[in-house]
**Student:** 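Please read through the structure below; I'll follow up with questions.
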Amino acid sequence: EVLMEEGAEGDLFYILDQGNADIYVLNDEGKQVMVRECSPGDSFGELALMYNAARNATIKARTEISCWCMDRESFKYVILGGSIKKQKKYMGFLDSVKILDTMDKAEKMKLVDALIPRKVQLGTEIVRQGDGSSDMFYIVEQGAVEVFQTNREGKEELVN
């Protein structure tokens with residue numbers, strides 16, 4: 001069964017309760033290609049509701065499924081209401097971050113949507129020099145950090 005069709009108008013947000021579904025998108029040749037498998041707890045359909053856009057994927061039930069659905073108005077009230085509060089909270093803060101000075105408001109809004117708050121206990125090492133596995137960009141919102149750098153003699157020095 002097809003729950004959502006790529007290109008159709010979006011009217012519902014879905015949360016998969018039971019069963020499995022697959023997400024398909026059209027490739028350059030116009031063929032549907034599966035890009036993700038969904039299991040209970042996964043959600044889909046939010047982009048069309050958030051941006052008043054057509055569906056950007058097709059969702060097909062792979063097994064018998066049970067979903068929770070939310071209509072556009074409820075979604076905007078519940079989900080976007082929290083998003084607006086988050087945007088207001090973080091936009092002023094991001095305006096004070098020097099490295100982000102060249103970004104316009106729309107770019108900062110996208111950044112706000114991608115921010116993942118993380119609390120760190122005193123003394124916790126966040127990232128280590130030379131560790132290529134770090135894939136995060138950190139912005140210190142509250143508190144302070146100490147930055148150490150290994151010098152040419154191999155000793156760690158406080159640089160901030």
**Student:** How many angstroms lie between CG in N151 and CD in E157, if you round to the nearest 0.5 Å?
**Tutor:** 4.0 Å

**Student:** Apply the test salt bridge (charged side-chain N to carboxylate O under 4.0 Å, His left out) to residues E5 and K60: give CA-CA distance (whole Å), side-chain angles for both, the deciding distance (0.1 Å), then the verdict.
**Tutor:** CA-CA 9 Å; E5 188 77 41; K60 296 180 183 179; over 6 Å; no

**Student:** Has the side chain of T124 got a donor or acceptor atom that lies under 3.5 Å from a matching backbone atom of Q121?
**Tutor:** yes

**Student:** Might you point out which heavy atoms bring A48 and G10 nearest each other, and give the distance in Å?
**Tutor:** CB-CA, 3.9 Å

**Student:** For residues K108 and D95, determine if any side-chain heavy atom of one lies less than 4.5 Å from a side-chain heavy atom of the other.
**Tutor:** yes

**Student:** Say whether, by atom type as modelled, one donor and one acceptor occur between the side chain of R55 and the main chain of G45 under 3.5 angstrom.
**Tutor:** yes

**Student:** Are L47 and L3 joined in one hydrophobic group, where the rule is that I, L, V, M, F, W and Y side chains link up if heavy atoms are under 4.5 Å apart?
**Tutor:** no

**Student:** Working to the nearest 0.5 angstrom, can you tell me the gap between I65 CD1 and I59 CD1?
**Tutor:** 9.5 Å

**Student:** Kindly indicate, with the supporting measurements, whether the criterion side-chain contact (heavy atoms from CB on, under 4.5 Å) is fulfilled by R36 and Y24.
**Tutor:** CA-CA 7 Å; R36 188 171 142 221; Y24 295 85; over 6 Å; no

**Student:** Just verifying a value: how many Å separate D11 CG and M70 CE, rounded to the nearest 0.5 Å?
**Tutor:** 13.5 Å

**Student:** Going by side-chain contact (heavy atoms from CB on, under 4.5 Å), name the residues that satisfy it together with N20, two or more places apart in sequence or in a different chain.
**Tutor:** S39, P40, R62, T63

**Student:** Find the distance between CG (L16) and CH2 (W68) and round it off to the nearest 0.5 Å.
**Tutor:** 12.5 Å

**Student:** Tell me if a side-chain donor or acceptor on E9 pairs with a main-chain N or O of A54 at a distance below 3.5 Å.
**Tutor:** no

**Student:** Using every non-hydrogen atom in the two residues, find where E107 and T102 come nearest and quote the distance to one decimal.
**Tutor:** OE1-O, 4.2 Å

**Student:** Verify the distance criterion only: is there a donor paired with an acceptor across the side chains of Y138 and R118 at less than 3.5 Å?
**Tutor:** yes

**Student:** Under 3.5 Å, side chain of N56 to main-chain N/O of G7, donor-acceptor pair present?
**Tutor:** no

**Student:** Contact between I139 and F93 at the side-chain level, heavy atoms closer than 4.5 Å - yes or no?
**Tutor:** yes

**Student:** Take atom CD in E64; do more than 12 heavy atoms of anything else shown fall under 6.0 Å from it?
**Tutor:** no

**Student:** Measure from the side-chain N and O atoms of N160 to the backbone N and O of V147, and report whether any donor-acceptor pair falls under 3.5 Å.
**Tutor:** yes

**Student:** Can you confirm whether F75 sits close enough to M50 that some side-chain heavy atom of one is under 4.5 Å from a side-chain heavy atom of the other?
**Tutor:** yes

**Student:** At their closest point, which heavy atom of T150 faces which heavy atom of Q129, and how far apart are they?
**Tutor:** N-OE1, 2.7 Å

**Student:** Please report the interatomic distance CG(L115) to NZ(K110), rounded to the nearest 0.5 Å.
**Tutor:** 14.5 Å

**Student:** Going by heavy atoms in the side chains, are E6 and V25 under 4.5 Å from each other?
**Tutor:** yes

**Student:** Please determine whether residues Y90 and V97 belong to a single hydrophobic cluster, defined as Ile, Leu, Val, Met, Phe, Trp and Tyr linked transitively by side-chain heavy-atom distances below 4.5 Å.
**Tutor:** yes

**Student:** Within the structure provided, determine whether I23 and T58 are in side-chain contact (heavy-atom separation under 4.5 Å).
**Tutor:** no

**Student:** What is the minimum heavy-atom distance between L12 and L49, and which atoms define it?
**Tutor:** C-CD1, 3.7 Å

**Student:** Any heavy-atom pair between the side chains of V159 and F148 that's under 4.5 Å?
**Tutor:** no

**Student:** Hey, does S43 have a side-chain heavy atom less than 4.5 Å from the side chain of Y14?
**Tutor:** no

**Student:** With rounding to the nearest 0.5 Å, note down the distance linking SG in C67 to CZ in F13.
**Tutor:** 10.5 Å

**Student:** If you define the side chain from C-beta out and look only at heavy atoms, does anything of I126 sit under 4.5 Å from V120?
**Tutor:** yes

**Student:** Would you find more than 12 non-hydrogen atoms of other residues, nucleotides or ligands less than 6.0 Å from I99 atom CD1?
**Tutor:** no

